[in-house]
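Below is one structure, written out as structure tokens, with a few remarks after it.
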Amino acid sequence: MKIRCLFFFLLVSMTLSAQDYLSALLPMPNRVEPGWGEDFIVTPKTVVTVDSDSLAFAASELRRILQERTGLSVTGTAGEGSVISLQVDPAMEGKEHYILSVERDRVVIKGATPGAVYWGVMTLDQLLLGDVCRSAGARIAPVYIDDAPRFAYRALMLDPARHFLPVKDVKFFIDQMVRYKYNVLQLHLTDDQGWRVEIRKYPALTAVGANRNPQGGNEGPDNGFYTQEELKELVRYAAERNVEIVPELDIPGHTVAVLAAFPELGCPHTESVQKVMGETVNLMLCAGNDKVYKLYEDIIQEVAAIFPSKRIHLGGDEAIIEENWMRCERCRALMKEKGYAKVSELMGYFFGRILPYVRDNGKEAILWCELDNIRMPVSGYLFPYPQDVTLVTWRYGLTPFCMDLTLQHGHQLIMAPGEYAYLDYPQWPGDLPEFNNWGMPVTSLETCYRFDPGYGRPATEQNHILGIMGTLWGEAIKDINRVTYMTYPRALALAEAGWTRMEFRKWDSFRERLYPNLMNLMRHGVSVRAPFEIGR
């Protein structure tokens with residue numbers, strides 16, 4: 001009874017808040033001006049025009065949106081009715097810069113690129129979503145929106161390595177994230193619990209590493225992998241929606257799935273350790289084994305051919321160096337040969353051999369930012385990162401120091417601090433996850449919204465920040481319903497953190513704009529958490 005009352009209250013609140021054309025804009029555009037004069041009237045004879053074949057998908061999405069919001073099928077041809085014009089204008093500054101203008105007899109959405117025009121279409125959808133009375137009458141209020149993102153890189157990360165997500169579920173996730181102008185999906189494809197990408201030269205990686213439950217099927221949560229053709233189709237699907245997919249292959253730690261297939265790639269003292277995916281942890285690839293580097297040269301070549309993104313994420317986090325490399329006779333001999341005083345220096349050697357394979361394939365590497373301690377006090381990087389590596393800050397409480405170091409050393413930085421952007425953390429005390437919870441801190445909706453990716457620093461100290469990323473580590477996320485429950489509504493807060501400048505962000509405004517968007521997500525079959533606390 002309490003649950004039914006909660007959802008009744010939520011739905012009523014959503015309906016009451018959906019009053020005007022601004023009430024569902026999320027993320028809030030950076031410039032909105034009310035228009036003057038009469039509304040634009042949508043009729044069956046309304047014409048959707050494009051000035052480039054590259055806008056065909058945006059136009060089809062626009063027609064679908066108009067059908068959904070107004071009930072009208074727009075099939076007009078030139079000269080018959082009012083016009084909605086989609087235009088690419090390369091002279092506009094910023095590749096995601098768009099302008100949406102609604103007047104009595106014409107709607108124009110123009111952008112610097114087809115992707116920018118697509119964002120304009122998503123904004124028009126939110127105008128219709130929020131202004132329910134006008135939309136019911138097939139009308140659009142006059143308005144002028146001139147908008148571009150605060151940060152160019154706005155990502156969400158899925159973790160099918162821990163619990164596999166079929167392609168249809170990843171597509172469903174993409175469908176939701178683009179409503180809020182996320183433009184990067186990072187796929188965490190390999191870890192201790194699974195290897196999820198087909199590598200044709202090494203079929204054992206998926207034959208062994210993608211199957212940890214003999215009684216399970218091949219569509220998750222324990223078993224399954226993506227064929228190269230499936231991934232290429234996923235890349236095409238995402239690209240239509242202005243989303244870049246970045247693959248992640250975690251090394252040299254988080255590699256039990258690799259070692260289950262090729263135990264000889266670990267340090268000699270770990271070869272006899274039974275590799276049970278999902279149970280065995282803290283093993284690493286051997287830094288002193290040449291076979292490791294040959295394997296990853298081939299893997300990176302195949303992965304680079306699948307994903308057109310210029311970036312490949314290679315992890316580099318949570319390496320248990322002392323228990324592996326310090327106890328390894330090969331690694332100790334390598335340290336002596338290189339004159340290394342600290343075993344952590346082998347991380348520089350390891351990536352010094354791996355990163356040329358990335359560059360040879362025309363890619364750039366992303367790594368998790370690891371410092372010389374996992375908590376304060378900290379004095380520097382775990383090892384010297386090459387200049388062309390982009391880092392991701394993530395460890396709880398260490399982001400300000402990571403910002404200092406990346407600014408000092410000239411590294412680009414992606415902001416994913418655990419205290420704001422880890423969406424696998426509980427959203428409220430006592431909420432999920434109820435299993436595999438290692439004592440996670442709570443990251444509430446309001447906490448996510450309070451996130452300023454620039455940490456209030458001067459603009460000159462933010463220029464190296466590429467953007468933000470919300471992470472959904474999959475230890476306790478077994479299916480797409482749990483994925484979206486943990487994502488929404490917090491990803492809406494992060495979307496505004498990545499897109500909207502701080503002077504246009506207000507918590508009270510966000511709370512009101514949240515309601516129609518949550519209702520819309522539920523209408524589209526998305527499992528969300530009802531944020532009861534915002535009604536207090």
Side-chain angles (χ1 to χ4, degrees), residues 22 25-35 49-59 61-62 83-103 106-127 142-155 177-184 238-244 246 308-311 364 390 406-407 410-415 452-454 457-469 494-505:
L22 297 179
L25 293 180
L26 206 163
M28 177 57 76
N30 286 298
R31 181 184 172 191
V32 181
E33 296 179 5
T49 67
V50 300
D51 69 354
S52 168
D53 291 343
S54 64
L55 295 176
F57 180 76
E61 282 292 278
L62 176 56
V83 175
I84 303 178
S85 177
L86 305 184
Q87 306 170 9
V88 175
D89 182 1
M92 295 175 66
E93 185 177 354
K95 70 177 185 177
E96 293 182 287
H97 180 193
Y98 72 91
I99 292 175
L100 167 58
S101 174
V102 180
E103 299 175 349
R106 190 174 184 83
V107 175
V108 176
I109 303 175
K110 66 177 180 178
T113 61
V117 175
Y118 182 74
W119 292 151
V121 171
M122 294 297 101
T123 298
L124 181 61
D125 184 31
Q126 291 178 348
L127 291 174
V143 68
Y144 181 83
I145 297 175
D146 187 344
D147 195 19
R150 180 184 177 190
F151 293 102
Y153 194 99
R154 302 173 309 282
M177 63 186 279
V178 297
R179 299 180 192 276
Y180 305 103
K181 301 182 176 68
Y182 282 100
N183 62 356
V184 177
E240 280 187 324
R241 293 155 179 80
N242 201 35
V243 171
E244 167 190 354
V246 174
S309 169
K310 71 175 184 179
R311 298 181 174 96
E364 299 173 4
T390 296
T406 50
L407 180 63
H411 289 109
Q412 291 187 313
L413 181 63
I414 297 167
M415 306 293 282
D452 171 11
R457 298 186 176 194
T460 55
E461 296 180 19
Q462 298 183 34
N463 290 336
H464 66 304
I465 298 175
L466 279 183
I468 59 107
M469 179 164 64
L494 289 180
E496 192 142 303
W499 185 279
T500 308
R501 298 199 301 269
M502 289 300 293
E503 61 264 35
F504 302 125
R505 292 176 56 196

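One is the number of the first residue; the rest follow in order along the sequence. Everything quoted here is computed from the prediction, not taken from an experiment.
At a threshold of 4.5 Å between non-hydrogen side-chain atoms, the residues Arg150 and Met502 count as touching. In this structure, Val50 and Val117 have side chains that are not in contact, with every pair of non-hydrogen atoms separated by 4.5 Å or more. Taking the side chain as every heavy atom from C-beta outward, Leu407 and Arg457 never approach each other to under 4.5 Å. The closest side-chain heavy-atom distance from Leu127 to Leu124 is below 4.5 Å. At a threshold of 4.5 Å between non-hydrogen side-chain atoms, the residues Arg311 and Leu466 count as touching. In this structure, Lys181 and Glu96 have side chains that are not in contact, with every pair of non-hydrogen atoms separated by 4.5 Å or more. A heavy-atom distance below 4.5 Å is not found between the side chains of Val243 and Tyr182. Contact annotation: the side chain of Arg31 never approaches that of Phe504 to less than 4.5 Å [non-hydrogen atoms, C-beta and beyond].
For the atom pair Ile468 CD1 and Leu413 CG, the distance stands at 12.5 Å (nearest 0.5 Å). Rounded to the nearest 0.5 angstrom, Tyr118 OH and Glu240 CD are separated by 9.0 Å. To the nearest 0.5 Å, atoms CG (Leu55) and NZ (Lys110) are separated by 13.5 Å. For the atom pair Leu494 CG and Met415 CE, the distance stands at 12.0 Å (nearest 0.5 Å). Taken to the nearest 0.5 Å, the CG atom of Asn242 stands 4.5 Å off from the CH2 atom of Trp119. For the atom pair CG of Leu22 and CD of Gln126, the computed distance is 11.5 Å after rounding to the nearest 0.5 Å.
Here the closest heavy-atom approach between residue Pro114 and residue Ser54 is recorded as CG-OG, 3.3 Å. Residues Gly94 and Ala112 share a closest heavy-atom pair of O-CB, 3.1 Å. Nearest heavy atoms, Gly467 versus Phe151: CA-CB, 3.7 Å. Residue Gly111 comes nearest to Ala116 through the heavy atom pair CA-CB, 3.9 Å, listed as atom of the first residue, atom of the second, then distance.
When each of Asp147, Asp146, Ile145 is checked for a side-chain contact (heavy atoms from CB on, under 4.5 Å) with Asn30, only Asp147 meets the rule. With respect to Pro149, the side-chain contact (heavy atoms from CB on, under 4.5 Å) criterion is satisfied by exactly one of His97, Lys95, Arg154: Arg154.
Without hydrogens or angle criteria, Asp125 side chain to Arg179 main chain gives no donor-acceptor distance under 3.5 Å. Asp51 contributes a side-chain N or O that, together with a main-chain N or O of Val88, makes up a donor-acceptor pair within less than 3.5 Å. Although no hydrogens or angles enter the test, the distance criterion places a donor-acceptor pair under 3.5 Å between the side chain of Thr500 and the main chain of Met28.
Within 6.0 Å of CD on Glu93 lie no more than 12 heavy atoms contributed by other residues, nucleotides or ligands. Taking a 6.0 Å sphere around CG of Asn463, one finds it holds more than 12 heavy atoms contributed by other residues, nucleotides or ligands.
Classification of the Trp499-Tyr98 ring pair by plane angle, with boundaries at 30° and 60°, yields tilted.
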- Under the side chain to side chain contact (heavy atoms under 4.5 Å, CB included) rule, what do Tyr153 and Val246 come out as? Steps first, then yes or no, please. CA-CA 12 Å; Tyr153 194 99; Val246 174; 3.9 Å; yes
- Task: For side chain to side chain contact (heavy atoms under 4.5 Å, CB included), just list the numbers for Val108 and Val83, CA-CA rounded to whole Å, side-chain angles, deciding distance to a tenth of an Å, and then say yes or no.
- Result: CA-CA 8 Å; Val108 176; Val83 175; over 6 Å; no
- Task: With side chain to side chain contact (heavy atoms under 4.5 Å, CB included) as the test, would you mind laying out the steps for Ile109 and Thr123 before giving the verdict?
- Result: CA-CA 10 Å; Ile109 303 175; Thr123 298; over 6 Å; no
- Go through Ile99 and Tyr144 one step at a time and tell me if the side chain to side chain contact (heavy atoms under 4.5 Å, CB included) criterion holds. CA-CA 7 Å; Ile99 292 175; Tyr144 181 83; 3.6 Å; yes
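Judged as a ring pair (Phe, Tyr, Trp, His ring centres under 6.0 Å), and not counting sequence neighbours, the contacts of His411 are Tyr381.
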